Undergrad: 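Handing you this structure, nothing more for now.
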Amino acid sequence: MTLTYHLQIVNLLAALLLLISFAMLSQRRVVGLVALFAWQGAALALSTAIIAWSTGQHHLYYSAALTLALKVIAMPWYFYHLVKRLNVNRAVEPMINIPTTMLIGIVLVIFAFNLALPISEMSGTVTRSTLGIAIACVLLAFLMMITRTKAIPQVIGFLSMENGLFFAATSATYGMPLVVELGVALDVLVAVFVLGIFIFQIRETFDSLDLKNLEKLKDK
Amino acid sequence: MPVAFLADSILDLAWGVVLFWLALGGASLLLHGSPRLLTRLVFPLGALGALGIAGVGVAGLILPASAMVLPIGLPDLPFHLRLDALSAFFMVLLGGAAFGITVYATGYFRSMAAGPLALLAMWYHLFLAGMVTVLLADDAYAFMVAWEVMALSSYFLVTTDHKIPEIRRAGFLYLLIAHVGAVSLLLAFGVLQGGEGDYTFNTMRLAELTPFWSSAVFLLALFGFGAKAGLVPLHVWLPEAHPAAPSPVSALMSGVMLKTAIYGLLRATFDLLNVQIGWWGTLALALGLITALYGVIFAAVQSDMKRLLAWSSIENIGVILAAFGLTLIFHTDGKGALAALTLTALLYHALNHAFFKGLLFVGTGSVLHATGERRMGHLGGLMRAMPWTAWLTLIGALAIAGLPPLNGFVSEWLLLQAFLFTPGLTQPYLDMVVPVAAASVALAAALAAYVMVKFYGVVFLGQPRDPALRHAHDAGWPERLGMLWLAAGCVLLGLLPTQVIGWLEPVVLMLTGQTLPGAGSWLLLAPVSTERASYAPLIFLAVVVVVLLLTYLWVRRVYHGRVRRSDPWDCGYPEGDARMQDSAEGFGQPIRQIFEVFMRVERETPDPFDRKPHYRGDSRDKLWLLIYQPIDDLTAWLSKQAGRLQHGRIQWYLIYSFATLIFLLVFAAR
């Protein structure tokens, strides 16, 4: 009985994750996007903690703590300051308009669920039903990266994709070994720094963070 | 078992020389600060190694085959080495020619700057080591490693002057064709091992292949080795790479490296494949004849010394391949003795070509060194300024032109003898076609003589076309020694054919299972019987010398005995000067006129009012346009199409990844 109770909370958090992914797709302002990213991280950390508690997988606590520290506190804070410093918090129209993006997103979610169906039947974990949501989150984050033309939303999309992957790992297999997770966390951290440097460089070179400018780099 | 012990120890010695060369290559890099040491110590030691290899080869022809397994290579995949008669023969060829060329190189490279010289010395010795390892390899893995070492080191040797764009281009072309060929060889070995998963040559000898797969192996090997040898239409790199490389390197590549391809072809066809099929021979014969004629025609119209020699190498490879084809035809037709005769001619010609083409290339190197000029239109009359080079090159030129009593004559004579026996073939179609083939070989030989008259006449005879040529300095002593060695090889191989053929016997026996009936004596060469045809080079030489002496004496003593110096009749042109001599272009004009179909001729004729008239005629290879240009264009087009994927927009790149991801997911979900 407790298991189902926990499961329901995890399912609820999973639904939240998906919802936040959609919200991110439709968010035009960068600061809003950062906040949504932090919320997504929080939901992820909480669900990981609950899975850890209910299944007794202690290393998942470390994962949850790591997620909380990196994705809820450190990175959003960093991005927030970046946005303030670069003064880019304007509403930007994405490449494809938002309703169309949402429609494509729904198609992707259906596809992801369809995809996850045979896999989650094979999986033996209690949280397998959330695998579809995890895949959907990855695809939606990818879609966000495609539709955004500015640098910071792209980086957030990239990180959000990592969230989805992380969620897929916890829900399907109770998480990866801690070493791998630490490695991934470090990778993400480094990626954020590198991308942050890139963002500054792009701005220095083009006086704007619009990635359309990168087309000029193409070899004629 | 003293014989087996001896055989094993000479194989050890051969591998020791390879290691010695590798060590010399490494030492050259360390010695990059002292060019004197490089030319006076490293290259002479390298030459000594070559002599050792020649000695190993001679011993290997007498002793039984021996094999060893080296503890290097990949885990579970050691290098197998084996020295049998066939490898031993090619080692004699390699060692003999490389000794002369390397001795020459000790002098030739003295003027080079220290840094490039050290690199060159390294690649040079690596190249030698690679070639010997190709001959020794007894498994496909060792063979391919050695083959690639040889190709890569020679690439770096070709691009020694890499600051010149044409040379880089030539090097790239060479590398490209070498690699296409190597891929083909890799496939050939893959088929050859017959699904055993074991790549030693021993397994390949035992593998049972259907005629279809045997033919596939043969075609792949012909393509792969043909790319290295310069088989038309894979010859395009030769006329580009040989002029680009330093002369001793051209000499090595043309004289020795091309022969490793012949070695590979013989090894694959007669040793590794246990069945031979008749039409392979017909194909090889046809391709060889085309190559020979194509090569010699283009050699005739060249006006660059080294390019001319490169085309002449293509011609000689063509002759060798034609002999290879004929050997196959005889062999599959059950005419063992005739196959033995043709194979003897083939091996003999390969050996001869190593010596005379090496000699001609280093001779060209001396001219280039002394004058800085490769274009024949700017040379002439060098006989007076450079007597050593001129006389020694003359020996090479006469040899390659196939004049008795030098070596070129012997092998071409043997080959033509073999052609004359073809009416005995059981296949009626071949019977009818082969006379044409014989005529083509004869035509190629005659045109080769024409080419050499042009080469020698324009460069060394006549009046200097540039006043500075009168002060050209002759080659130094190391160069002279190197050339003397090669020239001595040409003379001795021409004078002692019976002995040489005796040494070739183990190879011929190994590949065809037969030896020549050989009715001659040490004085008289009669490959089949004395009634049929015979040739006595020593007697020929004696007659020539006696006649010359008698004429000389007659003129000096009896006729008038004085040397009169006077102007010759000037045909009514009192102001004849060096510019009015027959030029390289002029000499080749008849050939160009006749064979213009094969060529893309570019002419620049001078304006009638030009004060300094200048004529330029260039005959290019039409096959380049027909075969290589379309491939080039297609590649460029495909690259351009693929280039469209590159938008420079990050969104598009993301979409590519996204689409791939979705596609793979759909694929995985099935």
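Only a predicted model underlies this, so the values are computations on that prediction, with no experimental measurement involved. Any value given below was found using the heavy atoms of this structure, including those in side chains, with hydrogens, waters and symmetry copies removed.
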Undergrad: Would you please name every residue forming a ring pair (Phe, Tyr, Trp, His ring centres under 6.0 Å) with B/Phe298, sequence neighbours left out?
TA: B/Tyr294, B/Trp311
Undergrad: Within a reach of under 6.0 Å around OH of A/Tyr78, are more than 12 heavy atoms found that belong to other residues, nucleotides or ligands?
TA: yes
Undergrad: How many angstroms lie between atom CH2 of B/Trp652 and atom CD1 of A/Ile146, to the nearest 0.5 angstrom?
TA: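 B/Trp652 CH2 to A/Ile146 CD1: 10.0 Å, rounded to 0.5 Å.
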Undergrad: Between CG of A/Asn114 and CG of B/Leu665, what distance do you get to the nearest 0.5 Å?
TA: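 It comes to 11.0 Å.
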Undergrad: So which residues of residues 103-111 of chain A are in contact with chain B at a heavy-atom cut-off of under 4.5 Å?
TA: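 Answer by number: A/Leu108, A/Phe111.
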Undergrad: Taking side-chain hydrogen bond (donor to acceptor under 3.5 Å, both in side chains) as the definition, give me every residue that meets it alongside A/Ser21, ordered by chain and number, with sequence neighbours left out.
TA: A/Gln40
Undergrad: Taking all atoms of both residues into account, what is the closest heavy-atom pair of A/Met145 and B/Leu654, and its distance?
TA: O-CD1, 3.4 Å
Undergrad: Hey, could you give me each pair passing side-chain hydrogen bond (donor to acceptor under 3.5 Å, both in side chains) that has a residue in residues 154-173 of chain B? Not counting sequence neighbours.
TA: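 Of all non-adjacent pairs touching residues 154-173 of chain B, those that pass side-chain hydrogen bond (donor to acceptor under 3.5 Å, both in side chains) are B/Ser154-B/Tyr174.
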Undergrad: Decide side-chain contact (heavy atoms from CB on, under 4.5 Å) for A/Leu139 and B/Leu661; before the verdict, give the C-alpha distance in whole Å, the side-chain angles of both, and the deciding distance to 0.1 Å.
TA: CA-CA 9 Å; A/Leu139 294 181; B/Leu661 179 69; 3.8 Å; yes
